[in-house]
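Comments concern the structure below.
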Number of protein chains: 2
Amino acid sequence: MTVSLHTYLEEKTIFIENHLLSLLEQEDVPASLYESMKYSLMAGGKRLRPMLVLAVLEALDKPLERGIAYAAALEMIHTYSLIHDDLPAMDDDDLRRGKPTNHKVFGEATAILAGDALLTRAFGLVAEHYLTRSDVKAETVVRLLAELGKRAGARGMVGGQMADIEGEGKSLTLAELEYIHKHKTGDLLIAALVGGGLLGEASATQMEALAGYGRMIGLAFQIQDDILNVEGDSAQLGKAVGSDADRKKATYPALLGMEESKTRLQQLIAEAKQVLGKAGLEHSALVPLADYVIERKK
Amino acid sequence: MTVSLHTYLEEKTIFIENHLLSLLEQEDVPASLYESMKYSLMAGGKRLRPMLVLAVLEALDKPLERGIAYAAALEMIHTYSLIHDDLPAMDDDDLRRGKPTNHKVFGEATAILAGDALLTRAFGLVAEHYLTRSDVKAETVVRLLAELGKRAGARGMVGGQMADIEGEGKSLTLAELEYIHKHKTGDLLIAALVGGGLLGEASATQMEALAGYGRMIGLAFQIQDDILNVEGDSAQLGKAVGSDADRKKATYPALLGMEESKTRLQQLIAEAKQVLGKAGLEHSALVPLADYVIERKK
């Protein structure tokens with residue numbers, strides 16, 4: 001990671017986290033529910049989805065403030081999905097980002113409800129917030145919410161998680177594995193890019209480029225995740241290494257071999273950058289963010 | 001229940017259920033996830049929330065079709081909340097509406113995801129659907145989604161459920177019990193009425209009356225639920241009777257006594273009708289629907 005990307009990520013993370021907490025409802029919310037939501041939402045993480053929304057607005061020369069509520073909504077959806085995924089009935093994980101998982105701290109019932117509340121807040125927040133902004137048309141907000149609903153739901157992220165659970169212990173084809181990751185990880189990244197494009201009034205060519213870039217870095221992100229689960233450092237990752245192999249999970253290294261997985265990773269990132277170039281977005285932070293996806297250690 | 005109300009409910013139930021299934025996404029959704037969502041969504045029930053949306057549009061002399069997507073969204077949210085409430089970590093119920101609960105049929109992981117997907121679909125569906133209708137302004141849709149987010153989330157239904165779980169086994173005051181029910185049951189009924197009002201372009205006076213009516217029948221609904229849990233017929237209810245007492249749950253009959261609970265019920269329904277009358281809505285189906293809340297046997 002270059003020094004400038006490091007500084008960029010740090011600045012943007014502070015900007016995002018400053019807003020995240022203020023956009024969580026606290027008034028009239030039972031204290032334990034609020035604490036549980038806050039615990040997972042503020043537990044760190046890469047903030048990649050919000051980062052992408054802001055990078056798109058920056059690339060389109062629009063004010064970052066315009067994206068903050070949507071960025072926060074995506075992070076809330078990502079966070080709820082992690083809370084539910086970690087539950088005993090799902091992946092049964094005790095650690096997340098080096099800290100005890102939500103249900104380990106607050107109990108299962110509260111963890112389920114905190115996830116439900118974060119998901120609900122994500123949609124409500126976008127609707128509420130953009131009613132107060134005169135620079136975003138109501139129709140854009142409705143399109144944004146339709147996109148979010150599609151990408152986060154049964155046809156998107158939740159569907160990917162379902163296929164992932166059903167695939168455990170089975171031998172999957174590469175196509176099946178790609179289906180899972182396209183939806184489980186990719187869809188919410190695409191929602192970040194396309195949503196940023198909607199808010200930033202991107203042209204049709206730019207929109208297509210943003211969606212294509214999203215598909216490629218989404219897949220690259222997942223391949224890197226699989227690689228880190230084999231070669232990563234558990235202290236840096238904040239979770240156990242080798243858990244995929246223990247669970248006999250289908251992964252890219254398991255299906256393609258480690259070398260081929262890494263080659264594929266490089267190809268995807270190169271293509272993602274090319275796509276940006278064709279839409280005149282090659283000078284934006286989206287380029288170094290593509291590198292970040294494969295250079296990250298956690 | 002009068003014959004005409006019976007016919008009214010039957011007609012509207014058919015209308016609602018015909019639309020409900022078609023508004024659930026199936027394409028590109030893993031089969032087990034779709035089946036699990038469909039199982040609970042189509043498991044019957046009173047369809048009270050959709051019924052209220054349609055009754056408001058009818059009262060305001062607007063086409064019922066305008067309300068169907070929002071009505072379906074409310075039923076999806078209600079259904080997801082039941083699926084999650086029934087989970088072993090929550091109420092741990094085996095039966096719902098006389099049938100095995102979702103997790104008993106599909107397993108816990110799928111039940112959690114089916115709930116998440118129904119909740120997500122509710123918001124996405126409203127956004128998607130109203131983009132195609134020229135008789136509803138985009139700004140109205142955004143307001144509708146903001147209302148839904150508030151009523152269904154941490155400040156609303158989820159918050160009520162959290163307070164309910166925390167209150168189990170404790171001795172609650174009447175104010176605490178009313179807080180729980182105001183949010184757990186009342187908020188989604190209010191969302192039905194206020195949302196119907198938004199879609200039907202209700203005047204400010206009419207909106208106020210609809211919200212007030214919602215608050216009153218919401219509370220009445222819960223009191224009747226508590227009464228049925230003592231005096232009801234388990235075959236008609238489709239679930240065990242006496243479970244509240246077994247769990248030492250705070251209920252109206254337990255706190256106020258049975259007679260006082262029934263008096264309160266009658267008062268609330270009378271007031272709800274009065275409020276409608278003041279806004280000129282006394283000739284609508286909302287009046288017999290208020291009676292239905294306390295006359296129902298399940």
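This one's a predicted model, so the numbers in the text were calculated from it and none came from an experiment. Throughout, a chain's letter reflects where its sequence line sits, starting with A, and its residues are numbered from 1.
In this structure, A:H84 NE2 and B:H84 NE2 are separated by 6.0 Å, a value rounded to the nearest 0.5 Å.
In terms of heavy-atom pairs under 4.5 angstrom with chain A, the leader among B:L125, B:I77, B:T110 is B:T110. Of the listed residues (B:T140, B:L24, B:V29), the one with the most heavy-atom contacts under 4.5 Å to chain A is B:V29. The choice from A:D85, A:L118, A:L148, A:I112 that makes the most heavy-atom pairs within less than 4.5 Å of chain B is A:I112. Among A:G159, A:G115, A:P88, the residue with the largest count of heavy-atom pairs under 4.5 Å with chain B is A:G159. Note on B:E147, B:K150, B:R143, B:E27: by heavy-atom pairs under 4.5 Å with chain A, the leading option is B:R143. Of the residues considered (B:G124, B:A89, B:G107), B:A89 shows the highest number of contacts with chain A, using heavy-atom pairs under 4.5 Å. Counting heavy-atom pairs closer than 4.5 Å to chain A, the top-ranked of the candidates B:A111, B:G149, B:A154 is B:A154. Counting heavy-atom pairs closer than 4.5 Å to chain B, the top-ranked of the candidates A:E128, A:E108, A:E166, A:R155 is A:R155.
Heavy atoms closer than 4.5 Å to chain B are found in the side chain of A:L87, but not in its backbone. With a threshold of 4.5 angstrom between heavy atoms, A:E139 approaches chain B through its backbone and through its side chain. Only the side chain of B:I165 has a heavy atom closer than 4.5 Å to any heavy atom of chain A. B:Y130 does not touch chain A: none of its heavy atoms, backbone or side chain, sits under 4.5 Å away. Interface residue B:Q161: backbone and side-chain heavy atoms are both found under 4.5 Å from chain A. Neither the backbone nor the side chain of A:M157 comes within less than 4.5 Å of any heavy atom of chain B. Contact annotation for A:Y34: neither backbone nor side-chain heavy atoms come within less than 4.5 Å of a heavy atom of chain B. There is no contact between B:R151 and chain A, counting heavy-atom distances below 4.5 Å.
For NZ of A:K62, the number of neighbouring non-hydrogen atoms (other residues, nucleotides, ligands) closer than 6.0 Å is greater than 12. Shown here is B:E208, whose CD atom has no more than 12 heavy atoms of other residues, nucleotides or ligands within 6.0 Å. By the 6.0 Å contact criterion, NZ on A:K137 is open, its count of non-hydrogen atoms from other residues, nucleotides or ligands being 12 or less. Summarising the local packing, NZ of A:K184 is surrounded by more than 12 heavy atoms from other residues, nucleotides or ligands at distances under 6.0 Å.
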*Report the C-alpha distance between A:L145 and B:V141 in whole Å, list the side-chain angles of each, state the deciding distance to 0.1 Å, and finish with yes or no for side chain to side chain contact (heavy atoms under 4.5 Å, CB included).*
CA-CA 10 Å; A:L145 289 165; B:V141 183; over 6 Å; no
_Full working for side chain to side chain contact (heavy atoms under 4.5 Å, CB included) between B:M90 and A:L113_ = CA-CA 10 Å; B:M90 309 268 274; A:L113 292 174; 3.5 Å; yes
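Partner of A:F123 under the side-chain contact (heavy atoms from CB on, under 4.5 Å) criterion, chosen from B:T120, B:V126, B:L119: B:T120.
Between A:A146 and B:L131, the closest heavy-atom pair is CB-CD1, 4.3 Å.
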